[in-house]
Amino acid sequence: MFDKEIEFSAHEDYFVLKEDYPIPTKLNIPEWYKNLEHYINNFTVKGCMPFLDSLTAGYLLKMPQDFHVRHNVDSKDKNGNNIKDSFHTYGLHGVLNFLNAKFINLNSGTDVHAIKQIENSPHVEKNKNLPLYKILNPWKIKTPKGYSCLFVPPLNNSDDRFSVIPGIVDTDTFPNEINFPIILNGDKYPVLDTLIKKGTPYVQVIPFKRDSWNMTFKPREQKEVQNSRIFYGLNIINIYKNKYWAKKSWK
């Protein structure tokens, strides 16, 4: 029984297009994972339920338009001086070009954060000390009272060119769309001229209940520790899945 509902709403002109709606994360399992085999003499991550839970938790937002990124590319200014070129543009598709002006949060302009907003963070070096581009999201997200959303790059299934900066929003009270600054992977791509295509999943949305927590500490008895060692020494396939794991449902 599903007693909680997350609502995604968008401008009616975008909504009726039925393009790139958010989807349950479980519909985007990577092929490399599907192709793994897991059995008694061949243990793989396919038998790890915590890993599977990360691949299926929550929902995915997908790019509503092409996103052209030109990052740290050698170029020249109007005076012929060598510079590092850095910009991004949106490429609207079909009827979106006509409807663009009606959308509150979907446009063909640029939207960036100055790098100084995250000064001294590890993101700065990774992003080659250049401005942070922002993905504009046409979907407003609404959760039941007392529930927030954790926004992260698709867990264990992210695009190797970029990742959103993780964050938490109280989506039960926040009244607008949420936009997503991204960090480009300058470690792998010091220079990047690429197209992030429309429909590309880019952020995982995981709703959770807000609770107040208190941290405590206690010692473990030797017998308990020994039992743990015995447990991890057992060569039993699917023991966590069959005895401890709770199935989650996301629709």
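In what follows, residues are counted from 1 in the order of the sequence shown.
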Flag side-chain contact, heavy atom, 4.5 Å: [X] against [Y]:
X      : Y      : result
Tyr202 : Ile182 : no
His11  : Pro138 : no
Thr56  : Lys248 : no
Asn72  : Leu184 : no

key: Over 12 non-hydrogen atoms of neighbours within 6.0 angstrom of NZ in Lys223   =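 Not buried by this count: 12 neighbours or fewer within 6.0 Å.
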
key: Exceeds 12 heavy-atom contacts within 6.0 angstrom, atom CD of Glu125   =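 It does not: Glu125 CD has 12 such atoms or fewer within range.
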
request  = Can you sort out the partners of Lys145 under salt bridge (charged side-chain N to carboxylate O under 4.0 Å, His left out), two or more places apart, ordered by chain and number?
outcome  =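 Lys145 satisfies salt bridge (charged side-chain N to carboxylate O under 4.0 Å, His left out) with no residue once adjacent residues are dropped.
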
I need the minimum non-hydrogen distance between [X] and [Y], along with the two atoms involved.
X      : Y      : result
Leu150 : Phe208 : N-CE2, 3.7 Å
Asn137 : Asn179 : N-OD1, 3.1 Å
Leu61  : Val205 : CG-CG2, 4.0 Å
Pro181 : His113 : CG-CD2, 3.5 Å
Lys126 : Asn185 : NZ-OD1, 3.2 Å
Leu132 : Ile115 : CD2-CD1, 3.7 Å

Hphob cluster co-occupancy, [X] + [Y], side-chain heavy atoms under 4.5 angstrom:
X      : Y      : result
Leu55  : Trp245 : yes
Leu60  : Trp250 : no
Tyr147 : Ile6   : no
Ile29  : Phe51  : yes
Leu155 : Ile168 : yes

request  = Could you go through the side chain to side chain contact (heavy atoms under 4.5 Å, CB included) check for Lys62 and Ile23 one step at a time?
outcome  = CA-CA 8 Å; Lys62 298 187 288 184; Ile23 61 171; 4.0 Å; yes

ask   = Is a salt bridge present between Asp66 and Lys198, judged by a nitrogen-to-oxygen distance below 4.0 Å?
value =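 So Asp66 does not pair with Lys198 through a salt bridge.
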
query = So, are Glu119 and Lys116 salt-bridged, with charged N and O less than 4.0 Å apart?
reply =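 No, Glu119 and Lys116 are not salt-bridged.
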
task = Each residue besides Trp213 in its hydrophobic cluster should be listed here, by chain and number; the cluster joins Ile, Leu, Val, Met, Phe, Trp and Tyr at side-chain heavy-atom distances under 4.5 Å.
result =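 Taking Ile, Leu, Val, Met, Phe, Trp and Tyr as members, Trp213 stands alone, with no cluster partners.
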
ask   = Judged by modelled atom types alone, do Thr143 and Asp172 share a side-chain donor-acceptor pair under 3.5 Å?
value =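 Short answer, no.
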
message = With no hydrogens and no angle check, just 3.5 Å: does a side-chain donor-acceptor pair link Asp160 and Tyr189?
response =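 Side chains of Asp160 and Tyr189: pair found under 3.5 Å.
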
task = Evaluate the ring planes of Tyr133 and Phe67, with Trp represented by its six-membered ring, and classify them as parallel (under 30°), tilted (30 to 60°) or perpendicular (over 60°).
result =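 Rings of Tyr133 and Phe67: perpendicular, as their planes differ by over 60°.
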
query = Can you tell me how far CD1 of Ile183 sits from OG of Ser163, rounded to the nearest 0.5 angstrom?
reply =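 Here the interatomic distance stands at 6.5 Å.
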
Spacing of CZ belonging to Phe8 relative to OG1 belonging to Thr171, to within rounding of 0.5 Å =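 Phe8 CZ to Thr171 OG1: 9.0 Å, rounded to 0.5 Å.
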
inquiry  = Under the criterion side chain to side chain contact (heavy atoms under 4.5 Å, CB included), I'd like the reasoning laid out for Trp139 against Asp20: C-alpha separation, chi angles, the key distance, then a yes or no.
reply    = CA-CA 11 Å; Trp139 295 97; Asp20 302 314; 6.0 Å; no

